[in-house]
Amino acid sequence: MKILLIEDEEPLRESIVSYLKGEGNLCEVAIDYGGALEKINLYSYDCILLDLNLPGGDGLKILRAIKKMNKKEGVLIISARNSLDDRLNGLDLGADDYLVKPFHLSELKARIMAVIRRKNFSGNNVISFNEIYIDVMGMEVKVRDKLLALTKKEYDLLIYFISNQGKVIAKNAIAEHLWGDEIDLSDDFDFIYTHIKNLRKKLVEAGAKDYIKSMYGVGYKFEAI
Amino acid sequence: MRLAQRYNRANMLTSLVILVITGVVYYVAIHFILTDKMDRDLVIEEKEIEAYVRNYNKLPSPGDFLHQKVTYLKLNADHKIERDFFYSDFYNEEEQKTEPGRSLVTSVRLNNHNYQVTISKSRVESEDLVQFIFLITIAVTILLLVSLFLINRFVLQRIWQPFYDTLNRMKAFNIAQNEGVKMQETKIDEFNELQTAVSGMADRVKKDYRELKTFTDNASHEMRTPLAVINSKLDLLLQDKPLEPSQAVLIDEIYHAVGRLGRLNTSLLLLAKIENNLIPEQEKISLGKLVQQKLKQFQELIHNKQIALEQQLEDKEVIMSRYLADILLNNLLSNAIRHNEMGGRIHVTLNDKELVVSNTSKEPALDGQLAFERFYKASSSEGMGLGLAIAKQIVGLYHFHIEYNYHQGLHIFRVIF
């Protein structure tokens with residue numbers, strides 16, 4: 001997939017590029033308003049990551065320009081502004097999602113995947129990973145045609161893992177993904193362990209391989225064996 | 001003591017003292033003048049008697065005098081009489097009663113004999129006059145005091161009214177609201193000056209407050225980008241291979257700290273937003289459904305701590321921002337779970353009047369006064385101490401009321417609609 005990242009903060013830009021690239025993914029960057037417009041004009045992407053506070057112009061203007069050009073790219077806003085108004089403004093203008101800084105790279109990746117899935121496979125939204133097959137529209141998970149009964153959180157967790165396959169995901173990131181970052185849960189994320197244990201058990205019992213690994217007690221990794 | 005009352009008291013007291021003193025002086029002076037006049041009348045009589053004696057060489061008859069009595073007494077040759085005025089009794093034959101009188105005792109010489117002459121006059125008229133004057137004085141005094149009292153009472157109160165108005169407006173002044181202290185033109189310069197000073201001060205305070213708020217807001221927003229950088233670098237660091245277990249522990253701890261910082265930042269921004277009234281639109285919300293939805297969202301956490309959940313939910317519709325309703329329930333319910341003990345209990349009750357969330361906990365009762373203060377938290381709490389402060393702000397915004405009680409091991413939070 002081809003992604004355009006419009007972000008002026010260099011260290012953050014580097015992190016995002018470093019996390020997204022590889023596995024045939026291409027991630028281009030623009031650091032300001034003018035550069036962004038130029039790239040959008042010239043090329044087409046699967047997904048555009050748009051920061052709202054840019055030197056040389058408001059990010060929302062870029063969004064308006066994209067929509068004016070009738071481009072089909074999915075747009076994901078990443079902003080430090082946590083105001084609901086900004087969020088609604090962005091979504092009203094046609095952005096596909098809105099992510100507030102600070103965020104986890106795994107969360108960003110999951111959101112990008114979701115945006116691209118919605119754009120590309122409208123009506124036939126499917127994720128597959130080896131023997132695991134997920135129908136996102138019907139919210140069904142099958143392992144070699146065997147239907148799995150997952151709870152809502154286990155289902156979310158599985159998609160989250162597959163979106164970030166091969167990466168170590170911090171427990172923090174998982175907790176925020178499942179319960180939202182506005183909830184001040186305990187700093188002890190052990191309760192995540194139960195969910196992961198259950199998901200693993202259900203997958204293995206259905207005949208899938210055990211793809212989920214605990215990493216140094218900090219996080220988990222979903223990886224093809 | 002109120003200013004008017006104080007002033008009134010001093011005013012009345014001074015007036016009373018001065019009036020009493022002038023009354024006494026007045027009385028003494030009039031008395032003196034009238035006595036002097038009477039004495040001069042007596043002297044005129046004396047002169048007439050002397051003239052009569054010289055012309056006719058005999059004493060005038062005592063009956064010849066109107067409204068006065070004259071008595072004669074023959075004296076021995078060597079007996080001398082000192083001329084003197086004195087107060088006496090005067091018998092009024094017509095009215096047959098004794099009246100106060102004034103007498104002059106003197107002597108005349110007739111045919112080588114000395115005669116003592118006593119001339120007496122009734123003082124009753126002058127006494128009446130004095131009494132009359134005295135009464136008028138008293139009446140005037142009372143009238144003066146009453147009018148002073150009324151003036152103080154009503155006029156002063158009216159004059160001071162702008163002052164009390166200004167005072168009330170100052171009391172109603174809320175720094176977080178957009179309205180300043182309004183001016184209301186009065187006829188009194190001092191009060192106009194006071195109002196100008198007060199509204200000027202209010203404007204300055206609001207300006208400072210606004211600047212401070214903007215600063216806090218900007219600072220909080222600016223903090224989010226570096227936080228995002230730290231978070232993303234940690235996410236990358238975690239991908240490094242191989243990672244030593246000790247490094248993993250460090251990364252984990254930094255994650256925790258950054259997570260807390262991020263939530264703290266979000267909470268502060270949220271508080272600022274509520275204070276600045278930058279709240280998204282209100283809508284009709286079915287609180288019952290929302291509570292159920294939240295409990296479902298938290299069910300794994302509840303289950304994980306083996307907490308017994310008891311709920312008695314009736315539906316209740318409220319008009320509030322969905323976003324804030326969400327946060328309010330999040331805070332109350334996540335507190336009830338977070339501070340609970342293994343195998344504890346949570347009761348959630350919702351009816352038309354109130355929403356009650358109570359939970360068991362190992363922690364002792366909170367200080368009901370401080371529980372909703374910012375950054376107050378039980379010593380064992382891992383939270384930031386902002387959750388309840390935010391809950392209180394939200395509740396206050398919609399004119400609900402929140403209170404905390406501790407009863408038989410249950411921490412009870414009650415939102416009263």
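Within every chain, numbering begins at 1; the chains are lettered A, B, ... in the order of the sequence lines, protein sequences first and strands thereafter.
Taking all atoms of both residues into account, the shortest heavy-atom contact from Gly259(B) to Asn172(A) is CA-ND2, 4.4 Å. In this structure, Gln297(B) and Trp179(A) approach most closely via the heavy-atom pair O-NE1, 3.1 Å. Closest non-hydrogen pair, Leu236(B) versus Ser18(A), comes out as CD2-OG, 3.5 Å.
Between Lys101(A) and Met223(B) there is no side-chain heavy-atom pair separated by less than 4.5 Å. Between Val229(B) and Glu9(A), some side-chain heavy-atom pair lies under the 4.5 Å cut-off.
For Phe400(B), the ring-ring contact (aromatic ring centres under 6.0 Å, His included) partners at least two apart in sequence or on another chain are Phe417(B).
For Lys67(A), the NZ atom counts as densely surrounded, since its 6.0 Å shell holds more than 12 non-hydrogen atoms of other residues, nucleotides or ligands. For Glu317(B), the CD atom sits in a packed shell: over 12 heavy atoms of surrounding residues, nucleotides or ligands are nearer than 6.0 Å.
To the nearest 0.5 Å, the span separating CD on Gln239(B) from NZ on Lys221(A) amounts to 7.5 Å. Atoms CD1 and OG, from Ile230(B) and Ser15(A) in turn, are 11.0 Å apart once rounded to the nearest 0.5 Å. How far CD of Glu14(A) is from NZ of Lys233(B): 5.0 Å, rounded to the nearest 0.5 Å. Here the CD-CG distance, from Glu107(A) to Asp235(B), works out to 10.5 Å after rounding to the nearest 0.5 Å. Atoms CG and CG, from Leu227(B) and Leu12(A) in turn, are 11.0 Å apart once rounded to the nearest 0.5 Å. Ile169(A) contributes atom CD1, which lies 9.5 Å from atom CG of Leu238(B) (distance to the nearest 0.5 angstrom).
Screening residues 158-170 of chain A for side-chain hydrogen bond (donor to acceptor under 3.5 Å, both in side chains), with sequence neighbours left out, gives Tyr19(A)-Asn164(A), Ser106(A)-Tyr160(A).
Per-residue heavy-atom pair counts under 4.5 Å with chain A were compared for Leu261(B), Leu243(B), Ile251(B), Val258(B), and the maximum is reached by Leu243(B).
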